[in-house]
Amino acid sequence: MKELAAKYSAKDVEDKWYAYWLAHKFFHSEPNEKEPYTIVIPPPNVTGILHMGHVLNNTLNDVLIRKARMDGKNACWVPGTDHASIATESKVVARLKEQGIRKEDIGREEFLRHAWEWKEEHGGIILQQLRKLGCSCDWDRTRFTMEPALSEAVINTFVYFYKKGWIYKGVRMVNWDPEALTAVSDDEVIHKDTKSHFYHLKYYISDGAGQPTDKFLVIATTRPETIMADAAICVNPADERHHWLKGKKVLIPLINKEIPVIEDDYVEMDFGTGCLKVTPAHDVHDYEIGLRHNLPVLDIIDEHGKLNEKARILVGEDRFVARKKIVKMLEESGNLVKTEEYISPVGYSERTDAVIEPRLSAQWFLKMDQLAKVALETVESGRTQFIPEKYVNTYRHWMENARDWCISRQLWWGQRIPAYYLPDGSYVVEATPEAALKAAQAKNPSLKAEDLHQDEDVLDTWFSSWLWPISVFDPQKPGHPDHQPNADLAYYYPTNDLVTGPDIIFFWVARMIMAGEEFMGKEPFSNVYFTGIVRDKIGRKMSKTLGNSPNPLDLIETYGADAVRIGMLLCSSAGNDIFYDEAQIKQGAAFCNKIWNSYRLVKGFAVSEDVKQTDTQRHGVDWFAAKLSETIGVVEDHYRKFRISDALMTIYKLFWDDYCSWYLETIKPPFGQPIDPQTYKATLEYFEALLKLIHPVMPFITEELWQDIMPRKEGETIMYAPTPKAEAYDPSILEKFSLAAEAVNGVRAIRAQRNLPPKETLPLKIKASAYPGIPLIEKMANVKVTLIEEFGDTQGVAFMVGTHELFVTLEGRVNVAEELEKSRKDLDYQQKFLAGVRAKLSNERFVQNAPAAVIENERKKEADSLSKIKSLEEKIAFLETSM
RNA sequence: GGGCGGUUAGCUCAGCUGGUUCAGAGCACCUGCCUUACAAGCAGGGGGUCACUGGUUCGAAUCCAGUACCGCCCACCA
């Protein structure tokens, strides 16, 4: 690099270095004798595109992995994508719909062909986008949850649990998504308070022959369209108001169907009317009551959420249309007593936002009790730590109440459940059709392959991603606890850190822990860092419909990847939602520019053997060495505690304030003059150390400049430069420097307040026999320092650094009245402060109870204050005489 | 309805087991500077009753209790 531009241009360097890193396989890891450091990526949806949440998450991952790499560990970041069953399938369905094709018409095979096509077209775009961000994933290890080996792992796992007796098929009330036409798990249902109505309906008592009498009871319901499926009316046996109903039968309005009145504790007496209509097919609790009382189940709503012929009326109507219509009909028939406004929690599908319909269907379940128990222990024992810790509570609560996991989905995109049905309706579960046939023939030797029919459902996506930390290394392992782990798995497992959002703590994190414990007997990661959710400036979630989500690639294009990374990290403490603001990215870009320009300065120094290092320069060099070591200690501590944004801010200030504003200004030779070799060498070394420190956060600009500091060989990279280590240093160096710096600040403040030109050298008197860093003060503050015993009777402005008194003489330019007023104010403050300290010291109980160090400190405060008061009084006296 | 977390400067947040002059940082803001690395900059500056109330203590932003508001998780009183 010959001429450095005045501004840093990210565009010119990012692609270049990323290509260089790839060409040299710097991201690739193989097991070796070094300590491994492993991260598996939270696999994004295969057809997804990069959003701000990904940027946050993957920036954090990349910072951790790059840091570990520079710390000398064998760092491996495994990337990949998730097939995302529902999300992908619904996208493919939508696309086919545009072409006028319905998936039912083309059949499974053909549909899957389209889906794979779609995956080939869109799959992996997001991984390309991660490259733009600078992510140092081991791309050779890229995995996909539905690639053959990983699918096999999923199937094996299913067979394993089935044979263990933990997977069972059962008819259950499931959360049915009438839009996606599949069952979803409890966790995929979002309850939202929704305005609805509470309809009070009259049910007339039957005369025993199916005719209404004039007596009736009143029930309250939010779902009048389901009355045709009522199997009973239920009252609490303790409810005296309803004792007269015992043994009676009532008639369902409109269809006049006779149903019994039953009694069950479940009914709350003081809710609604105390009479509950029991509709076993369309409500979970009602289903359970139905089981207890042996009630018939009548399912009147089809998979699309429309009333079927069993409803007898309103057949073919959508459930919500039917609701409106039936209310009208009930009103006309006189059965509607009243309608109340009512807000109740309604379940919505996480994916499609359709209102969930409780629906009875045959589904596959995985028992959770044992798995959850073990996985809870993993976290409670601290073998896996959550950052921040507060999520342990959430986790515990869920684990203690985990319900069996509904793992079947009525979809095609995914791993098909390896259950094979025999003509007699029984089934066998085996990993392959061949094995299934064998198992079937054991039951019935005459069976042939074509007699078997595989279950139509696929498995929940999470049933594959829970294996991720294992299967990416050794897909043979899941489902085979006795299988000897291959070399990769043995080396990389357990992984170190997982960075993910708290929204998938149950979906994914908890289940990975379960699978890890079950198949490996060991937790899948040591630490889980939960990020916050990225929100916009005013706190709204980023969403497509709101249009408040910027395209990260545009931002990278505009500001550079390093700037975007800084922008995301600046305000992201673990577990806190982060409020995205483009201003932060601008701040990142400004920092890039600052680094760039500091390098321009350093690189522009002419070095001459004939020049000797000055005292000031030596002072600066010694000081920064100490400062650097001190700060590295702080940074390491932040990293250990996963306080990434604090680590970043600490380095940011070290670079900007300490290195640029203090150090460089201190050692900078006069304009046009060369610098001595000793100082130059130190300056470059410090610069390089800073680059290394900040590299995990800003990979591109640091590589660009590191490569330019000195000639590097092909194949060298800052990526593998060791993290700078803190050296032992003398803390008094820092103390002395800060005394000097405070003197400089004091003079600068006086200059600024009084509008004194920076070019004018001012006389600075210090009342002391010695003061540290006088040459430095003279250079930085543009003053001429004299050490004196008394100020004498010259005019000027005094200030204090600690207990030292300093004085800028400004003969004839001092507004005595103003100075006097200011000094009196200071004196007043000091006297009050002293009074406070003395009150403390004269408090017997304080002196008795407080630790010695604290008392000692109060004494020192008292002494300091007294000395300040003394000099203020002297000053005031002097000023008064010169009025 | 149950649980968890939060409330500190205009904004986003630090402040670990109570005690250094503890009330902080970054950004934003104000003032003055085109000082030959950087105006994406330099120097200086203002700004907070630490949500509220009470308690514990010699001493509370920090510990305890209550109140208010905010957020998250869990939970289908039909």
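Sequence lines set the chain letters: A, B, ... in the order given, protein chains first and strands last, and positions in each chain run from 1.
Within the nucleic acid shown, Asn849(A) comes within 4.0 Å of at least one base atom, counting heavy atoms only. Glu400(A) comes within contact range of no nucleotide atom at all, as no heavy-atom separation falls under 4.0 Å. At the heavy-atom level, Ala749(A) lies under 4.0 Å from the strands shown only through sugar-phosphate atoms. Counting non-hydrogen atoms under 4.0 angstrom, Lys653(A) reaches the backbone sugars and phosphates but no base. If you check every strand for non-hydrogen atoms under 4.0 Å, Phe591(A) touches nothing. Note on Ser598(A): a base of the nucleic acid sits closer than 4.0 angstrom, heavy atoms only. Residue Lys668(A) is classed as a base contact, given a heavy-atom separation below 4.0 Å to a base. The residue Asn593(A) sits close to a base: some heavy atom pair falls under 4.0 Å. Nucleic acid contact class of Arg751(A) (heavy atoms, under 4.0 Å, all strands): none. Within the 4.0 angstrom heavy-atom criterion, base atoms lie near Cys660(A). At a threshold of 4.0 angstrom between heavy atoms, the contacts of Ser865(A) with the nucleic acid are absent.
Look at CG on Asp657(A): it is 12 Å from C1' on C42(B), rounded to the nearest Å. Atom NZ in Lys840(A) sits about 14 Å away from atom P in C58(B), given to the nearest Å. Atom CG of Leu664(A) is separated from atom P of A37(B) by 11 Å (rounded to the nearest Å). We find that CD1 of Ile533(A) is positioned 8 Å from P of C72(B), with the value rounded to whole Å. For the pair Lys779(A) NZ and U35(B) P, the computed distance is 18 Å after rounding to whole Å. Between Ile566(A) atom CD1 and C27(B) atom C1' the separation is 14 Å, expressed in whole Å. The separation between Gln753(A) atom CD and G44(B) atom P is 11 Å, rounded to whole Å. One interatomic measurement links the two molecules: CZ of Phe642(A) to C1' of A14(B), which rounds to 19 Å at whole-angstrom precision.
Across G44(B), C58(B), A14(B), the shortest atom-to-atom separation from the side chain of Asp646(A) is found for A14(B). Nearest nucleotide to the Ala850(A) side chain, out of A40(B), G19(B), G26(B): G19(B). Residue Arg600(A) has its side chain nearest to A37(B) when only U20(B), A37(B), G19(B) are considered. The side chain of Trp398(A) approaches C74(B) more closely than any other nucleotide in the set A25(B), A40(B), C74(B). Nearest nucleotide to the side chain of Phe506(A), out of A37(B), C74(B), C58(B): C74(B).
For Lys390(A) and C4(B), a side-chain-to-base donor-acceptor distance below 3.5 Å is absent, hydrogens and geometry of angles not being considered. Evaluation of atom-type donor-acceptor distances gives a pair under 3.5 Å for the side chain of Glu665(A) against the base of A37(B).
Using bins of under 30°, 30° to 60° and over 60° for the plane-to-plane angle, the ring pair Tyr8(A)/Trp596(A) lands in the tilted bin. Ring pair Trp656(A)/Phe591(A) is parallel by interplanar angle, where below 30° counts as parallel and above 60° as perpendicular. Aromatic ring pairs are classed by plane angle as parallel below 30°, tilted from 30° to 60° and perpendicular above 60°; the pair Tyr659(A) and Tyr663(A) is parallel.
Look at the P atom in both G48(B) and G1(B): the space between them is 39 Å, to the nearest Å. For the C1' atoms, the distance linking U12(B) with G6(B) amounts to 14 Å, nearest Å. Atom P of G47(B) sits at a distance of 36 Å from the matching atom of G5(B), rounded to the whole Å. Nucleotides A40(B) and C27(B) are separated by 15 Å at their P atoms, to the nearest Å. To the nearest whole angstrom, the two P atoms, one in U57(B) and one in U67(B), are 23 Å apart. If you take atom P in C76(B) and the same atom in A65(B), they sit 30 Å apart, rounded to whole Å. The gap from the C1' atom of G26(B) to that of U62(B) amounts to 23 Å, rounded to the nearest Å. Taking atom C1' in both A51(B) and U8(B), one finds a spacing of 10 Å when rounded to whole Å.
A donor-acceptor distance shorter than 3.5 angstrom exists from the side chain of Lys779(A) to the backbone of Thr666(A), with no hydrogens or angles considered. No donor-acceptor pair under 3.5 Å is formed between the side chain of Asn782(A) and the backbone N or O of Leu762(A). Side-chain atoms of Asp646(A) never come within 3.5 Å of backbone atoms of His638(A) as a donor-acceptor pair (strictly under, hydrogens ignored).
A close approach under 4.0 Å does occur between a side-chain nitrogen or oxygen of Trp656(A) and OP1 or OP2 of C42(B). Arg643(A) has no side-chain polar atom (N or O) that falls below the 4.0 Å cut-off from OP1 or OP2 of A25(B). Close to A43(B), at under 4.0 Å from its OP1 or OP2, lies a side-chain N or O of Ser661(A). Distances shown here put every side-chain N or O of Tyr659(A) at or beyond 4.0 Å from the OP1 or OP2 atom of A37(B).
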Original post:
Pairing of RNA chain B as dot-bracket, 5' to 3': ( ) intra-strand, [ ] crossing, | other strand, . unpaired, with Watson-Crick or G-U pairs under 3.5 Å?
Top reply: (((((((..((((.....[....)))).(((((.......))))).....(((((..]....))))))))))))....
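Between Gln584(A) and Ala752(A), the one whose closest nucleotide on RNA chain B sits nearer the 5' end is Gln584(A). Comparing Asp186(A) and Gln587(A) by the nucleotide of RNA chain B whose heavy atom lies nearest to each, the residue mapping closer to the 5' end is Gln587(A).
In this structure, Arg754(A) and Val797(A) have side chains that are in contact, with non-hydrogen atoms separated by less than 4.5 Å.
With 3.5 Å as the limit, one finds a donor-acceptor pair spanning the side chains of Glu188(A) and Ser185(A). Thr631(A) and Lys653(A) are not linked by any side-chain donor-acceptor pair at a separation below 3.5 angstrom, with hydrogens and angles left out of the test.
Other residues, nucleotides and ligands contribute over 12 non-hydrogen atoms within 6.0 Å of the CD atom of Glu760(A). Residue-environment remark: CD (Glu400(A)) exceeds the threshold of 12 foreign heavy atoms within 6.0 Å.
One finds no salt bridge joining Asp265(A) and Arg292(A) here, because no Lys/Arg side-chain nitrogen approaches an Asp/Glu carboxylate oxygen to under 4.0 Å. A salt bridge does not link Glu856(A) to Arg859(A): none of the charged nitrogens lies less than 4.0 Å from a carboxylate oxygen.
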Could you run down the sub-3.5 Å N/O contacts of the protein with nucleotides 76-78 of chain B?
from: A78(B); atom 1: OP2; to: Tyr342(A); atom 2: OH; distance (Å): 2.7
from: A78(B); atom 1: N6; to: Glu268(A); atom 2: O; distance (Å): 2.9
from: A78(B); atom 1: N6; to: Phe271(A); atom 2: O; distance (Å): 2.8
from: A78(B); atom 1: N1; to: Glu268(A); atom 2: N; distance (Å): 3.3

